[in-house]
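Any value given below was found using the heavy atoms of this structure, including those in side chains, with hydrogens, waters and symmetry copies removed. Naming convention: chains lettered A, B, ... in sequence-line order (proteins, then strands); numbering from 1 in each chain.
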Protein chains: 2
Amino acid sequence: MAVDKKAHIMNHAIALFADRGFEGTSIRDLAHEAGVNVAMVNYYFGSKEKLVEAILDEKASYMKDRIEELESNASLSELDKIDALIEDYVNRILSGASFHKFLYKEMMDTKRDVIHSFLNKSIARNTRNFAAIIQRGIDKKMFKEVDPILTVTSIIGSISQVVVSKSMCNLLLSQPEANEPYTDEKFKQRLVTHIKSMIHAHLLVESSNHK
Amino acid sequence: MAVDKKAHIMNHAIALFADRGFEGTSIRDLAHEAGVNVAMVNYYFGSKEKLVEAILDEKASYMKDRIEELESNASLSELDKIDALIEDYVNRILSGASFHKFLYKEMMDTKRDVIHSFLNKSIARNTRNFAAIIQRGIDKKMFKEVDPILTVTSIIGSISQVVVSKSMCNLLLSQPEANEPYTDEKFKQRLVTHIKSMIHAHLLVESSNHK
DNA sequence: AAATATTAAACAAACGTTTGAATAAATCAA
DNA sequence: TTGATTTATTCAAACGTTTGTTTAATATTT
């Protein structure tokens with residue numbers, strides 16, 4: 001029972017932190033939104049800051065990328081791996097849009113130093129691992145001599161840019177302000193298709209195109 | 001004299017808001033950092049929130065894109081315009097990295113509603129105008145039939161992703177934590193080159209390549 | 001001498017957190 | 001199962017700080 005309530009508070013916290021920021025969300029706001037007493041946050045988590053750490057712990061698997069698991073599959077080409085990672089990133093970021101916004105804010109924020117540097121090292125490692133796959137494709141003469149790290153930056157940046165602003169997203173899709181574009185499966189597919197085709201054109205030498 | 005002092009406070013405010021957020025920065029922090037009395041912020045700006053509005057007013061030209069000015073130049077091809085916009089975005093975002101981080105945070109933040117929707121409408125309009133240029137290139141059969149809006153999203157997302165995290169950036173460049181990558185002209189050029197080549201490969205039909 | 005700028009001190013409100021009593025749940029001897 | 005006892009949860013109220021802001025006196029310019 002206690003686990004459910006902790007998870008309940010954490011979910012509301014993620015949504016509020018994503019929309020109003022950490023300092024912008026008071027414990028009273030959070031308690032009211034989650035329908036619990038103000039004292040419960042400190043009872044369950046110890047402090048407001050430890051609540052953030054609990055959220056990060058709980059979502060640790062979310063942040064770990066699938067690269068190790070992909071590397072063990074020897075039958076996949078570099079391009080297959082990249083395609084799989086693009087799908088994986090889009091799926092995870094769009095379905096956890098609030099959490100991603102929260103992560104982004106904490107990444108930009110130097111106030112909680114331990115979390116700040118942890119997140120930055122985390123995304124730097126993921127980017128490096130991803131870039132290594134591209135580098136291998138270049139070494140095998142399958143890819144053009146692109147900038148591997150900035151190529152990964154463009155992939156992640158493309159997805160993040162969409163998540164940053166729900167309102168902008170809806171404006172672009174001519175949807176009403178209240179629409180939830182991230183859970184829309186068609187939108188997800190549109191984003192995957194765009195990124196894949198852009199990255200393919202960027203990476204593949206012309207002769208690889210079957211045209 | 002008053003203008004100088006106002007600008008002085010605003011510059012420190014941008015840096016602090018970018019690193020610690022709006023609610024994460026107290027007026028006492030800001031006053032101390034800027035070397036002025038706590039009362040001066042309210043004396044010059046009226047309130048903490050009006051300080052944000054003053055910053056946005058002052059930097060309004062920063063946010064207006066060069067599209068109108070480019071459109072008046074009939075001798076430029078669609079690709080020329082896109083190249084010019086990429087250079088313009090990289091230059092402006094990298095040289096005003098703190099301000100861009102601050103904008104990004106406000107864009108994600110629903111707390112100051114007027115500012116939130118203003119910024120989202122602003123970037124949506126810029127994205128739409130930019131996408132219209134791509135659409136014209138498609139209509140002229142110069143570009144492939146890409147997704148214009150998501151293509152612009154990728155361009156802006158690529159630049160923003162770099163600015164989001166100085167520490168990550170330095171990690172990727174194997175630079176020390178204290179390094180300032182955004183003001184590095186070589187880094188700026190590397191980013192422009194990457195985005196241009198990626199977007200060219202994405203947009204141009206194969207026959208256009210002089211190879 | 002009038003207007004502007006600067007200051008330390010004080011203001012009420014909101015903040016994260018703690019308390020101690022009240023309630024609910026779980027544990028266990030009979 | 002029962003009733004007793006311990007443990008875990010919930011709550012309203014209060015704690016000391018910090019918050020944005022104002023005040024009223026002083027200094028500086030015009």
| query | Mind checking what makes ring-ring contact (aromatic ring centres under 6.0 Å, His included) contact with Tyr182(A), not counting sequence neighbours? | reply | none

| said: The criterion is salt bridge (Lys or Arg N to Asp or Glu O under 4.0 Å); which residues satisfy it with Asp29(B), sequence neighbours excluded? | reply: Arg20(B)

| Sequence-distant partners of Arg136(B), salt bridge (Lys or Arg N to Asp or Glu O under 4.0 Å), two or more places apart | Glu71(B), Glu78(B)

| message | Give me each pair satisfying side chain to side chain donor-acceptor pair (under 3.5 Å) with a member in residues 145-154 of chain B, each pair once, sequence neighbours excluded. | response | Ser158(A)-Ser154(B), Arg190(A)-Asp147(B), His194(A)-Ser154(B), Thr151(B)-His202(B)

| task | Provide, to the nearest angstrom, the distance between the CD1 atom belonging to Ile9(A) and the C1' atom belonging to dT10(D). | result | 11 Å

| remark: Under a 4.0 Å heavy-atom cutoff, the residues of residues 10-19 of chain B touching DNA chain D are none

| message | Contact list please: residues 102-118 of chain B against DNA chain C, heavy atoms, distance less than 4.0 Å, in numerical order. | response | none

| query | Roughly how many Å is it from NZ in Lys5(B) to P in dA5(C), rounded to a whole number? | reply | 10 Å

| message | I need the full list of salt bridge (charged side-chain N to carboxylate O under 4.0 Å, His left out) pairs touching residues 82-100 of chain A, with sequence neighbours left out, sorted by first then second residue. | response | Arg66(A)-Asp88(A), Glu87(A)-Lys196(A), Asp88(A)-Arg92(A)

| field | DNA chain D contacts made by residues 48-59 of chain A, counting heavy atoms under 4.0 Å | value | none

| task | For Glu68(A), enumerate each residue passing the salt bridge (Lys or Arg N to Asp or Glu O under 4.0 Å) test, keeping only those at least two apart in sequence or located in another chain. | result | Lys64(A)

| note | Contact check, residues 23-42 of chain B vs DNA chain D, heavy-atom distance under 4.0 Å, returns Thr25(B), Ser26(B), Ile27(B), Arg28(B), Ala39(B), Asn42(B)

| Nucleotide dT17(C), atom P - distance to CZ of Phe45(A) in whole Å | 13 Å

| Could you give the angle between the helix axes at the two ends of the helix from dA1(C)-dT30(D) to dA30(C)-dT1(D), with five pairs per end, rounded to 10 degrees? | 20°

| said: Quick test of your reading: applying side chain to side chain donor-acceptor pair (under 3.5 Å), list the pairs with at least one residue in residues 113-125 of chain A, sequence neighbours left out, ordered by first then second residue. | reply: His116(A)-Asn120(A), His116(A)-Ser167(B), Asn120(A)-Ser165(B)

| task | Describe, in one word, how the ring planes of Phe99(A) and Phe102(A) are oriented to each other, choosing from parallel (under 30°), tilted (30 to 60°) and perpendicular (over 60°). | result | tilted

| query | How many Å lie between CG on Asp4(B) and P on dT4(C), as a whole number? | reply | 18 Å

